[in-house]
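The structure under discussion appears below in the form of structure tokens.
Predicted model only: the values in this text are computed from it and were never measured.
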Amino acid sequence: MNNKLLTMLMAALIPAFCAANGNPPAPKAVTKGYNPIDARSWGLSGKVKSVTSTLFEAWPGESGLVRGDEKSDHPILMCTFDENGRVTLDQMDNIYVYDKKGNFVKGNSEFAKMTRDANGRVATYDCQEDEEDYTQWHSTFGYDVQGRLITLSTSYWEALSEDTLYYEGDKLWPARMVREEQAEADFYKYEITYRYTKSDSQGNWTEREIHTKTFSRCEADDDDPGTIEYTYEIEVRALEYWE
């Protein structure tokens, strides 16, 4: 499973003029200064510049998970934001490039498309490889009334991934997430629970425990009852802020 996808995302209504022009407006409320809309969508507070994540293997101990070896050779850059608060890299590895007026001009390729909803939040992202409107993948983001990401749907060829995030009260950090993935005949369901153990002075979490229950089944095999697996991880984040 892609480590970057463990942290989630969004789908909302898009203004009619946005669909007609094919060019989304810049995030609402900013001309100068840091607009927190994009950062808040990813559960972040303050003038965040970048977020880097490191995953560790873990196992249950007497008072929580025990940290093991690092799971990757280097920390993973999760997301970045420019000095105006606009997302320039999200946790799906989508790239966002803007012109001087704040309009989205290209992404992972010059043919990528992005739209924002009426509140200025990213609503859809299509990564196209060429001008023939060939879509490599399509992501749709959905938010609650507080602007928190609650759904993220990504389709790629015959594969589909759908995330649903759940929160406790007014907290910006999800308490758990359910991901369902379908790739041809293979079905996976991940039930992920988070326990936050450390945070920084800006109110962003810097360490959390991840408990995952995975159910997998080959739907082409009527005799396959499916398997269940439990895994544990510790995620550590480093955040950089604009001054």
Side-chain angles (χ1 to χ4, degrees), residues 2 4-31 33-51 53 76-128 133 135-156 160-165 167 172-174 177 179 204 239 242:
N2 188 334
K4 294 199 72 170
L5 292 179
L6 283 174
T7 324
M8 21 3 115
L9 327 43
M10 335 180 206
L13 296 175
I14 303 168
F17 72 85
C18 174
N21 296 332
N23 194 17
K28 225 176 176 183
V30 227
T31 49
Y34 193 95
N35 185 336
I37 289 178
D38 284 352
R40 184 179 179 86
S41 298
W42 294 99
L44 298 166
S45 302
K47 298 179 180 180
V48 179
K49 185 176 183 179
S50 67
V51 180
S53 170
I76 299 171
L77 183 63
M78 300 295 291
C79 53
T80 58
F81 305 86
D82 66 17
E83 63 274 17
N84 292 311
R86 295 174 300 222
V87 59
T88 51
L89 173 72
D90 70 21
Q91 296 179 34
M92 305 291 294
D93 271 335
N94 296 322
I95 295 171
Y96 301 73
V97 179
Y98 307 92
D99 62 18
K100 292 181 179 180
K101 294 182 179 180
N103 297 309
F104 177 84
V105 292
K106 68 176 182 178
N108 296 56
S109 77
E110 62 179 305
F111 305 105
K113 297 179 181 179
M114 181 270 285
T115 62
R116 292 182 180 271
D117 64 18
N119 294 306
R121 301 169 302 208
V122 177
T124 63
Y125 190 102
D126 290 276
C127 185
Q128 296 176 210
D133 199 32
T135 300
Q136 184 179 9
W137 71 80
H138 172 76
S139 297
T140 304
F141 307 88
Y143 308 86
D144 64 11
V145 293
Q146 298 184 55
R148 301 176 300 190
L149 182 67
I150 55 172
T151 59
L152 169 62
S153 176
T154 301
S155 57
Y156 173 78
L160 175 66
S161 175
E162 295 184 335
D163 294 351
T164 305
L165 290 81
Y167 298 83
L172 284 179
W173 313 335
M177 181 179 79
R179 167 174 295 143
N204 293 308
L239 294 95
W242 290 98

Of all heavy-atom pairs between Q146 and R40, which one has the smallest distance, and what is that distance? O-NE, 2.8 Å
How long is the span from the CZ atom in R121 to the OG1 atom in T115, to the nearest 0.5 Å? 12.0 Å
Got V122 and S41 here, is their nearest side-chain heavy-atom distance under 4.5 Å? no
Nearest heavy-atom pair of D38 and G120: which atoms, and what distance? OD1-O, 4.1 Å
For the residue pair S45 and L172, what are the closest heavy atoms and their distance? OG-CD1, 3.4 Å
Which of these passes side chain to side chain contact (heavy atoms under 4.5 Å, CB included) with D82: V97, V87, T88? T88
Has the side chain of T80 got a donor or acceptor atom that lies under 3.5 Å from a matching backbone atom of L89? yes
We want to know whether S153 and T140 form a side-chain donor-acceptor pair, criterion being a heavy-atom distance below 3.5 angstrom. no
Looking at W242, is K49 sitting on its ring face, NZ or CZ under 6.0 Å from the six-membered ring centre and within 45 degrees of the normal? yes
Does D117 use its side chain to pair, donor to acceptor, with the backbone of N119 at less than 3.5 Å? yes
What pair of heavy atoms forms the shortest contact from A112 to C127, and how long is it? CB-CA, 4.4 Å
Indicate yes or no: at least one non-hydrogen side-chain atom of V51 is less than 4.5 angstrom from one of L44. yes
Can you check whether H138's main-chain N or O pairs, donor with acceptor, with D126's side chain at less than 3.5 Å? no
Quick one, L152 and T164 - any side-chain contact, counting heavy atoms below 4.5 Å? no
Criterion side-chain hydrogen bond (donor to acceptor under 3.5 Å, both in side chains) on T154 and S139, from CA distance to verdict: CA-CA 4 Å; T154 301; S139 297; 3.2 Å; yes
Would you please name every residue forming a ring-ring contact (aromatic ring centres under 6.0 Å, His included) with F81, sequence neighbours left out? none
Rounded to the nearest 0.5 Å, how far does OG of S109 lie from CD of Q136? 8.5 Å
Does the pair D99/K106 count as a salt bridge with the N-to-O cut at 4.0 Å? no
Looking at Y98 and M114, what are the two nearest heavy atoms and their distance? CE2-CE, 4.3 Å
For the residue pair Y96 and N108, confirm or rule out a side-chain donor-acceptor distance under 3.5 Å. no
State, with a plain yes or no, whether a side-chain heavy atom of E83 is found less than 4.5 Å away from one of Y34. no
With no hydrogens and no angle check, do the side chains of W137 and D93 hold a donor and an acceptor under 3.5 Å apart? no
Roughly how far, to the nearest 0.5 Å, is the CZ atom of R86 from the CZ atom of F104? 12.0 Å
If you compare all heavy atoms of N204 against all heavy atoms of W173, which two are closest, and at what distance to 0.1 Å? C-CZ2, 3.7 Å
For I95, is there any backbone N or O sitting under 3.5 Å from a side-chain donor or acceptor partner on Y125? yes
salt_bridge(R179, D163) N-O dist < 4.0 Å: yes
